Amino acid sequence: MTNPQTPQSQAPAAGGAQYVYGVTRADASLPENLTGLEDGPVGLIAHERCAALTSDLPQGRALGERADLVAHQRVLDALVESGVVVLPFRFGAALSSRDAVRDELLASNSDRLGQVLDQLDGRVELRLKGTYVQEVVLREVMNDEPQIAELNQRLRDIPPRPPTPRTTTASGSAS
């Protein structure tokens, strides 16, 4: 895969540069009106059992705007919500043409991609982010675990150490 930020002077091969969202099965049904970068249509480029989910790579500018990231995630979310098994690609994956997607990505990796899709069948990846209030959690732990509450109390009962006195040497420096 190439870096999508190639200079304009390097014209893509026939078919135009393609942005790749991920790989799915060749017989997958995409959600209706699925759009990607710059609201362009998302389609399949198939080879044997697998197909790449692609759209035309925007010309004349580099990828990386917030709208590009949102479009990438929107495509993947729509596929998962519609029950399509998808091997998602990291943001920014692009190839020089539809032929390159078929030959360089799919044909040379067809068996492995098919195996991974088989392993993903029936699975969904979720990201969960949580926050907590430390005092509340600690209180709950101590209520549920008497040993921890006892250790906490024993630590609190230990009197604080008095500060260590500093001594001064003959030259006047502290130690």
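Because the structure is predicted, anything quoted here is derived from the model rather than measured. Positions are given from 1, in the same order as the sequence printed here.
Among all heavy-atom pairs drawn from G36 and Y21, the shortest one is CA-OH, 3.2 Å. For L79 against P31, the heavy-atom pair with the smallest separation is CD2-CD, 3.8 Å. Closest non-hydrogen pair, T35 versus V75, comes out as O-CG2, 3.3 Å. Here the shortest heavy-atom pairing between D68 and A62 reads OD2-O, 4.3 Å. Here the shortest heavy-atom pairing between L34 and A78 reads CD1-CB, 3.7 Å. Contact between L105 and A52 at its shortest, heavy atoms only, is CD2-CB, 4.2 Å.
Annotation: the span from R102 atom CZ to S110 atom OG amounts to 12.5 Å, rounded to 0.5 Å. Separating the CD atom in E104 from the OG atom in S96 is a distance of 5.5 Å, to the nearest 0.5 Å. Interatomic distance, E48 CD to L106 CG, rounded to the nearest 0.5 Å: 9.5 Å. Rounding to the nearest 0.5 angstrom, the gap separating the OH atom in Y19 from the CG atom in L95 is 11.5 Å. Considering CG of D157 and CD of Q153, their distance stands at 4.5 Å, rounded to 0.5 Å. In this structure, CG on D103 lies 12.0 Å from CZ on R98, to the nearest 0.5 angstrom.
Put simply, the side chain of Q59 gets close to the backbone of L57: a donor and an acceptor are under 3.5 Å apart. The closest donor-acceptor contact from the side chain of N152 to the backbone of I148 lies at 3.5 Å or more, if one exists at all. Remark: side-chain polar atoms of T24 are paired, donor with acceptor, to backbone N or O of V85 under 3.5 angstrom.
Partners of R123 under the side chain to side chain contact (heavy atoms under 4.5 Å, CB included) rule, at least two apart in sequence or in another chain, do not exist in this structure. Among residues two or more places apart in sequence or in another chain, the salt bridge (Lys or Arg N to Asp or Glu O under 4.0 Å) test is passed with D39 by R74. Remark: D121 pairs with R25 by the salt bridge (Lys or Arg N to Asp or Glu O under 4.0 Å) rule, at least two apart or across chains. Residues forming a salt bridge (Lys or Arg N to Asp or Glu O under 4.0 Å) with E38 (at least two apart in sequence, or on another chain): R61.
Annotation: side chain to side chain donor-acceptor pair (under 3.5 Å) contacts involving residues 81-94, sequence neighbours excluded, are absent.
When the side chains of ILVMFWY residues are joined at heavy-atom separations under 4.5 Å, either directly or via intervening members, M142 and V136 end up in two distinct hydrophobic clusters. In terms of hydrophobic clustering, with Ile, Leu, Val, Met, Phe, Trp and Tyr side chains grouped at heavy-atom distances under 4.5 Å, L69 and V80 are assigned to a common cluster.
Using modelled atom types and a 3.5 Å distance limit, the side chains of Q115 and D111 yield no donor-acceptor pair.
Counting Ile, Leu, Val, Met, Phe, Trp and Tyr side chains that sit under 4.5 Å apart, directly or through other members, L151 stands alone, with no cluster partners.
A side-chain contact (heavy atoms from CB on, under 4.5 Å) with P88 is found for exactly one of L76, V23, D77, namely L76.
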The test is side chain to side chain contact (heavy atoms under 4.5 Å, CB included); show your working for L117 and C50 and say whether it passes. CA-CA 9 Å; L117 288 169; C50 301; 4.1 Å; yes
Would R49 and D118 satisfy salt bridge (charged side-chain N to carboxylate O under 4.0 Å, His left out), going step by step from the backbone distance to the final call? CA-CA 11 Å; R49 300 176 26 193; D118 290 344; 3.1 Å; yes
Let me see the working for L44 and L53 under side chain to side chain contact (heavy atoms under 4.5 Å, CB included), right down to the final yes or no. CA-CA 5 Å; L44 296 173; L53 298 145; 3.4 Å; yes
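Taking the six-membered ring where the residue is Trp, the centroids of F89 and H72 are separated by 6.0 Å or more.
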